[in-house]
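Encoded as structure tokens, the structure appears first; notes follow it.
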Protein chains: 2
Amino acid sequence: MKVRGNNNHKSMGGQVPEPTLRRLPGYLSYFKSLKINGIEHVSSSQIASTFNMDATLVTKDLSHTGIKGRTKIGYNVDKLIETIIVFLDFNTHENAFLFGVGNLGKALINYDGLKHYGLKIVAGFDVDPRVINTSVKDVKVYGVDDFRDLSRKIPARIGIITTPDGKAQETADYMVAWGIKAIWNFTPQSIKVPDNIVVENTSIYSDLAVILNKLNK
Amino acid sequence: MKVRGNNNHKSMGGQVPEPTLRRLPGYLSYFKSLKINGIEHVSSSQIASTFNMDATLVTKDLSHTGIKGRTKIGYNVDKLIETIIVFLDFNTHENAFLFGVGNLGKALINYDGLKHYGLKIVAGFDVDPRVINTSVKDVKVYGVDDFRDLSRKIPARIGIITTPDGKAQETADYMVAWGIKAIWNFTPQSIKVPDNIVVENTSIYSDLAVILNKLNK
DNA sequence: CAATAGTTGTTATTTTATTAACAATTCTTC
DNA sequence: GAAGAATTGTTAATAAAATAACAACTATTG
Ligand SMILES: NC(=O)c1ccc[n+]([C@@H]2O[C@H](COP(=O)([O-])OP(=O)(O)OC[C@H]3O[C@@H](n4cnc5c(N)ncnc54)[C@H](O)[C@@H]3O)[C@@H](O)[C@H]2O)c1
Ligand SMILES: NC(=O)c1ccc[n+]([C@@H]2O[C@H](COP(=O)([O-])OP(=O)(O)OC[C@H]3O[C@@H](n4cnc5c(N)ncnc54)[C@H](O)[C@@H]3O)[C@@H](O)[C@H]2O)c1
């Protein structure tokens, strides 16, 4: 019986490398600040120096988006912003449901930034009667039982999990059962879902581990 | 004049690969849940299946921590937990100051989890008079001007930035000036600091970019 | 208007990370 | 107590990412 080498966890869908995908939003934020400061062009070496990385890598990353720079001039900032936004689908308003309207859940709902990056949280769900039927900003909070009905009325492909750690799996199962296609899991708990469901785990502990490691040599 | 290939941003300090470091906290969380369920041993293939990855990689990751498994039995869960916690310095209580006690800053202070993972937020700083002199949980919020004095009284090497995007650089400069050794930046804005300062950027937009990319094929 | 230097964009090389192969170990069963 | 199966741990091969090398282009300067 084979035990190893049998798992294909590489998505292999698009051809753009994930590291590139992860760097692009950082560039975008930088380009936006350049625009605010009235700067019209930027070169790969300037970008590289800002992010403390190699200029060739910047060039390669940007080439994936299809943008063209001009020799001796660099890239046009407006064009960069527009191109990256479209490339990353940050222009499409993707609806999302959020489960667990606690500390982090509220922060995310209150967070204005997300809507500029393609995501709109359309409803919150919780089990705590003190939270149910309240509103955070203009987002209403429902009991989890209302999810079934609501997921029919409001189409949303993304589900955000900010419940307590132990509730991550059951929440994921519930989301999948009612049609969610991608799960954004802020819990440190690993979740199991069918292969066709997209899962992204955002774990601040990984970042913390890196910080502590570097700090302690 | 050389333009490319001149940046060394690889820390090169420890010999444990960063991807490994980033996976270990996830394993740890899983092992803790196993312990709660009374499970005493776990094999690399079980772990691998939980995280949808290759079992060899798990073995390699764990070998970095120095833990030994037993053939035909697997790894001892208690030992795994203890070893990883020590390995990642999650047992040392590292003090941290947090700048920007808004939505996210409050969520982080309120978050119980961090203290089990080596981090203790000892004070918050803000510019908003409505927030200054309040407390979040048992953590007091001071005006940013009090930072100088407080950083002498309470030793802390880590600074957390949860200010608005535009204030990230000035906050970082201020932190560095008063002795902070590592900066955890939750802002999408890139910051520049001296080479000897550790910087970790936590950007949820990178995760979002990956989700949207996978979702749209 | 020729020379220069900054710059893009592509291809080649090197480094790093992941996966595969396999030898060694040891529990379990007959 | 021998045989078989599950498992670790190491070494080898492959794949992926980052870096280097370089050719082509074009604003600027003398
Ligand atoms: N607070 C942070 O800054 C932070 C940072 C990173 C990760 N996290 C993670 O995010 C998660 C939430 O953390 P938090 O601090 O917001 O916790 P919290 O306790 O403040 O919020 C959890 C919320 O989930 C609700 N809930 C419980 N069971 C539920 C269920 N089955 N369905 C829907 N809602 C349910 C609770 O009523 C509560 O409102 C945790 O897993 C934590 O590890 C938090
Ligand atoms: N809210 C979220 O869920 C979330 C998620 C990811 C990233 N972020 C990022 O975190 C940052 C903060 O977001 P937020 O939603 O908490 O914003 P917020 O406006 O709620 O909080 C910002 C706080 O910083 C304070 N502040 C302003 N200038 C300051 C200064 N110079 N020094 C110290 N404090 C200062 C403000 O008074 C305010 O209290 C932003 O950069 C945002 O992009 C937020």
Side-chain angles (χ1 to χ4, degrees), chain A residues 1-24 26-27 39-77 79-80 83 206 210, chain B residues 1-24 26-27 39-77 79-80 83 206 210:
Chain A
M1 180 196 294
K2 85 181 144 156
V3 176
R4 285 177 175 168
N6 51 338
N7 281 316
N8 62 328
H9 76 298
K10 271 272 97 87
S11 69
M12 230 337 260
Q15 64 274 58
V16 50
E18 188 168 311
T20 294
L21 223 43
R22 293 193 164 277
R23 283 187 293 264
L24 285 170
Y27 299 151
I39 295 166
E40 292 182 2
H41 293 91
V42 64
S43 72
S44 61
S45 51
Q46 282 176 276
I47 301 166
S49 136
T50 299
F51 289 91
N52 210 40
M53 60 191 289
D54 192 281
T56 309
L57 189 49
V58 172
T59 304
K60 260 194 182 167
D61 284 345
L62 294 180
S63 78
H64 281 288
T65 69
I67 197 165
K68 298 284 173 201
R70 281 175 62 199
T71 298
K72 201 74 200 276
I73 297 282
Y75 300 87
N76 177 275
V77 170
K79 208 64 171 284
L80 279 170
T83 306
S206 295
V210 173
Chain B
M1 181 196 292
K2 88 179 146 170
V3 176
R4 285 178 173 165
N6 50 337
N7 281 315
N8 63 328
H9 75 300
K10 270 271 97 89
S11 69
M12 230 336 260
Q15 63 274 59
V16 50
E18 189 169 310
T20 294
L21 223 43
R22 294 193 163 277
R23 283 188 292 264
L24 285 170
Y27 299 152
I39 295 165
E40 292 182 3
H41 292 91
V42 65
S43 72
S44 60
S45 50
Q46 281 177 276
I47 301 167
S49 135
T50 299
F51 289 90
N52 210 39
M53 60 192 288
D54 192 282
T56 309
L57 190 49
V58 172
T59 305
K60 263 198 179 161
D61 283 345
L62 294 180
S63 78
H64 282 288
T65 69
I67 197 166
K68 298 284 173 200
R70 281 175 63 200
T71 298
K72 200 71 199 283
I73 298 282
Y75 300 88
N76 177 277
V77 170
K79 207 65 171 283
L80 279 169
T83 306
S206 295
V210 173

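Just so you know, these numbers use all the heavy atoms, side chains as well, and skip hydrogens, waters and symmetry mates. Each chain gets a letter, A, B and so on, in the order its sequence line appears, and its residues count up from 1.
- Put simply, B/Arg23 has no side-chain N or O that comes within less than 4.0 Å of OP1 or OP2 on C/dA17.
- Side-chain contact check for B/Val42 versus B/Thr50: every heavy-atom pair is 4.5 Å or farther apart.
- Note: CG (A/Leu57) to C1' (C/dT8) measures 15 Å, nearest angstrom.
- Straight-line distance from the CG atom of B/Asp54 to the C1' atom of D/dG9: 14 Å, rounded to whole Å.
- A distance of 7.0 Å separates OG1 of B/Thr20 from OH of B/Tyr27, quoted to the nearest 0.5 Å.
- Nucleotide D/dA17 holds its C1' atom 10 Å from the CG atom of A/Asp61, rounded to whole Å.
- Counting to the nearest Å, the C1' atom of D/dA17 and the NE2 atom of A/His64 are 10 Å from each other.
- The residue B/Ser63 sits apart from the nucleic acid: no heavy atom pair falls under 4.0 Å.
- The base of D/dT8 lies outside donor-acceptor range of the side chain of B/Lys60, with no N or O pair under 3.5 Å.
- Between A/Thr59 and the phosphate of C/dG9, there is no side-chain N or O to OP1/OP2 separation shorter than 4.0 Å.
- To the nearest 0.5 angstrom, B/Leu80 atom CG is 4.0 Å from B/Ile67 atom CD1.
- For the pair A/His41 NE2 and D/dA27 C1', the computed distance is 12 Å after rounding to whole Å.
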Enumerate all atom pairs, one protein N or O and one N or O from nucleotides 24-30 of chain C, separated by less than 3.5 Å.
{"from": "C/dC27", "atom 1": "OP1", "to": "B/Arg70", "atom 2": "NH2", "distance (Å)": "3.0"}
{"from": "C/dC27", "atom 1": "O2", "to": "B/Lys72", "atom 2": "NZ", "distance (Å)": "3.0"}

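- Rounded to an integer number of Å, the gap from CG of B/Leu62 to P of D/dT10 is 12 Å.
- A distance of 10.5 Å separates OG of B/Ser45 from CG of B/Asp54, quoted to the nearest 0.5 Å.
- Of all the heavy atoms in A/Arg22 and B/Ser206, the pair that sits closest is O-OG, 2.7 Å.
- In this structure, B/Glu18 atom CD and D/dA17 atom P are separated by 15 Å, rounded to whole Å.
- Picking from D/dT8, C/dG9, C/dA20 the nucleotide with the shortest atom distance to the side chain of B/Tyr75 gives D/dT8.
- B/Leu57 CG to B/Leu62 CG: the interatomic distance, rounded to the nearest 0.5 Å, is 9.5 Å.
- For residues 56-74 of chain B, the set of pairs meeting the salt bridge (Lys or Arg N to Asp or Glu O under 4.0 Å) definition, not counting sequence neighbours, comprises B/Arg23-B/Asp61.
- Here D/dT19 presents its P atom at 10 Å from CG of A/Asn52, a figure rounded to the nearest Å.
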